Student: 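Have a look at the structure that comes next, please.
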Amino acid sequence: MSIKTPVAALRDWVESRYIALIMASLALGLLAPSVFTGLEGLTSLILMVNMFTLALGCTAAEFIAVMRTPLKVLLTVLFLYGVIPVLAFGWGRMIFPGDPQLVAGMVLIAVLPVAMTSAFWTDLTKGNLPLTLSIITFTTFLAGIITPGVMSLVAGKLIEFDAMSLVIKLVKTVIIPTIVGIVVREKFPKQTGAAKPYLNLGVRLNIFLILAINAAVMRPFLGDVGPKVLLIIFAVLVQVLLSYLGGYGFAYLLFPKDAGSRVSISYVSGMRNNGAGIVIALAYFPPLVAMPVILSILLQQPLASVFRTLVLRNANSEGAAVTG
């Protein structure tokens, strides 16, 4: 029986309590916003460090393998921006029949580019990280066309936003750190292997800090809605759940024998870049449109942790059935 290092023991302790620690991080941000709002400028740096660390677990060959099957990436993007927005529109009309602003907010969640943190959850759940990173990149580059196009059809309002700033942020926080991480792994495999456990623990702790910062920044918006916030929370919760389940079902058809890719597509389906969504909503729509996007920030990370627990539990049960 091998003895765990302190770093490995702490990592396992954090992972075994992920849902509770996520909720605690959100509560800290909401209860002590003055502590965390001043740290908002660090989020991009934290994301860069996280992406670099995640890339240390990838190889150039894995990315090349993803690029050799571009049809699967394209079909996934068509699902994300074809099926999911239609589901969001139908669900929004059902739950908010007399409130087109909230319906527009629900659809806006569905047409945003994939969240960068989906890469973290893909890696944590043993998914196909190169596939997730490829989809993040593709959807961010397409955001300047897809997001305003779909919103103009649904909300009846043509919007123009600074899509180039999204692309620049993508390059700085995802593409460059990923390339550097892959090169470092290829050039220094032994040193990378030795440092990876410490860096992986840092990535997990960084997520809690990002959640606390997001919760602190969002708190002023939550007080403006009143009791209706409970209905919006329910609506967003169901929509994000449907996105995860829809993504998993679609991926099961697309990758029937590839559990890692199913994990990847589930996360890119359920997690969107809601920071960009808030900017778009507040710039071009009444404040109420931003409320579903704001609440989705607070919900999608806890749901990601729940999804991870279910996937790993299912994988363990299947493994036990095979060995039994």
Side-chain angles (χ1 to χ4, degrees), residues 63 65-94 103-122 125 127-155 163 166 170 174 235-274 276-277 292-293 296 299-300 303-304 306-308 310-311 314:
F63 279 95
V66 171
M67 292 300 102
R68 284 175 178 166
T69 57
L71 183 60
K72 292 181 178 180
V73 176
L74 291 173
L75 288 175
T76 301
V77 172
L78 286 174
F79 172 79
L80 295 180
Y81 293 120
V83 177
I84 298 297
V86 171
L87 290 175
F89 179 73
W91 172 240
R93 287 289 297 271
M94 183 186 302
V103 175
M106 302 292 283
V107 174
L108 180 57
I109 296 173
V111 298
L112 293 169
V114 172
M116 297 173 190
T117 50
S118 62
F120 163 76
W121 287 104
T122 297
T125 317
N128 186 338
L129 183 58
L131 178 61
T132 295
L133 291 170
S134 299
I135 294 173
I136 289 172
T137 301
F138 199 36
T139 58
T140 303
F141 276 111
L142 288 177
I145 299 172
I146 293 177
T147 302
V150 176
M151 287 304 293
S152 65
L153 289 175
V154 174
L166 273 181
L170 169 81
V174 176
V236 173
L237 178 67
V238 171
Q239 177 167 318
V240 176
L241 282 173
L242 288 174
S243 297
Y244 274 111
L245 294 174
Y248 190 86
F250 170 78
Y252 193 84
L253 296 176
L254 200 61
F255 305 103
K257 297 181 180 180
D258 188 347
S261 293
R262 293 201 297 271
V263 167
S264 172
I265 293 178
S266 298
Y267 279 121
V268 300
S269 179
M271 306 186 74
R272 301 302 178 93
N273 188 339
N274 296 311
V293 184
S296 68
L299 291 173
Q300 71 178 10
L303 288 174
V306 171
F307 178 77
R308 171 182 177 269
L310 294 175
V311 169
N314 181 62

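Remember, predicted model here, so these are calculated numbers, not experimental data.
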Student: Tell me every residue that passes side chain to side chain donor-acceptor pair (under 3.5 Å) with S296, counting only those two or more places apart in sequence or in another chain.
Tutor: N274
Student: What residues, two or more places apart in sequence or in another chain, satisfy side chain to side chain donor-acceptor pair (under 3.5 Å) together with Q239?
Tutor: none
Student: Take T140 and N273 through the side chain to side chain contact (heavy atoms under 4.5 Å, CB included) test and state the conclusion after the steps.
Tutor: CA-CA 9 Å; T140 303; N273 188 339; 5.7 Å; no
Student: Ignoring hydrogens and angles, state whether a donor on the side chain of T132 or S264 is under 3.5 Å from an acceptor on the partner side chain.
Tutor: yes
Student: Among residues at least two apart in sequence or on other chains, which ones pass side chain to side chain donor-acceptor pair (under 3.5 Å) with T125?
Tutor: Y267
Student: Could you tell me which non-hydrogen atom of S118 sits nearest to which non-hydrogen atom of M271, and how far apart they are?
Tutor: CA-SD, 3.8 Å
Student: Check whether any side-chain heavy atom of M106 sits under 4.5 Å from a side-chain heavy atom of F89, and report yes or no.
Tutor: no
Student: Do the non-hydrogen side-chain atoms of T139 and V268 ever get within less than 4.5 Å of each other?
Tutor: no
Student: Using modelled atom types and a 3.5 Å cut-off, is there a donor and acceptor pairing between side-chain atoms of S269 and backbone atoms of S243?
Tutor: yes
Student: Flag the pair N128 / I265 as yes when at least one side-chain heavy-atom distance between them is below 4.5 Å, and no otherwise.
Tutor: no
Student: Kindly determine whether W121 and F307 satisfy side chain to side chain contact (heavy atoms under 4.5 Å, CB included), including the steps that lead there.
Tutor: CA-CA 10 Å; W121 287 104; F307 178 77; over 6 Å; no
Student: For residues 251-259, tabulate all N or O donor-acceptor pairs below 3.5 Å that involve a side-chain atom, not counting sequence neighbours.
Tutor:
from, atom 1, to, atom 2, distance (Å)
D258, OD1, G260, N, 3.3
D258, OD1, S261, N, 3.2
D258, OD2, S261, OG, 2.7

Student: According to side chain to side chain donor-acceptor pair (under 3.5 Å), who are the partners of S134, at least two apart in sequence or on a separate chain?
Tutor: none
Student: State which residues pass ring-ring contact (aromatic ring centres under 6.0 Å, His included) with F79; sequence neighbours excluded, sorted by chain then number.
Tutor: F250
Student: Considering non-hydrogen atoms only, spot the tightest contact between V240 and G270 and give its length.
Tutor: CG1-O, 3.7 Å
Student: If I take atom OG1 from residue T137 and atom CZ from residue F63, how far apart are they, to the nearest 0.5 angstrom?
Tutor: 8.0 Å
Student: Taking the six-membered ring of Y81, is the NZ or CZ of R272 close enough (under 6.0 Å from the centre) and on axis enough (within 45°)?
Tutor: yes
Student: Ignoring hydrogens, what is the shortest heavy-atom contact between P85 and A110? Give both atom names and the distance.
Tutor: CA-CB, 3.8 Å
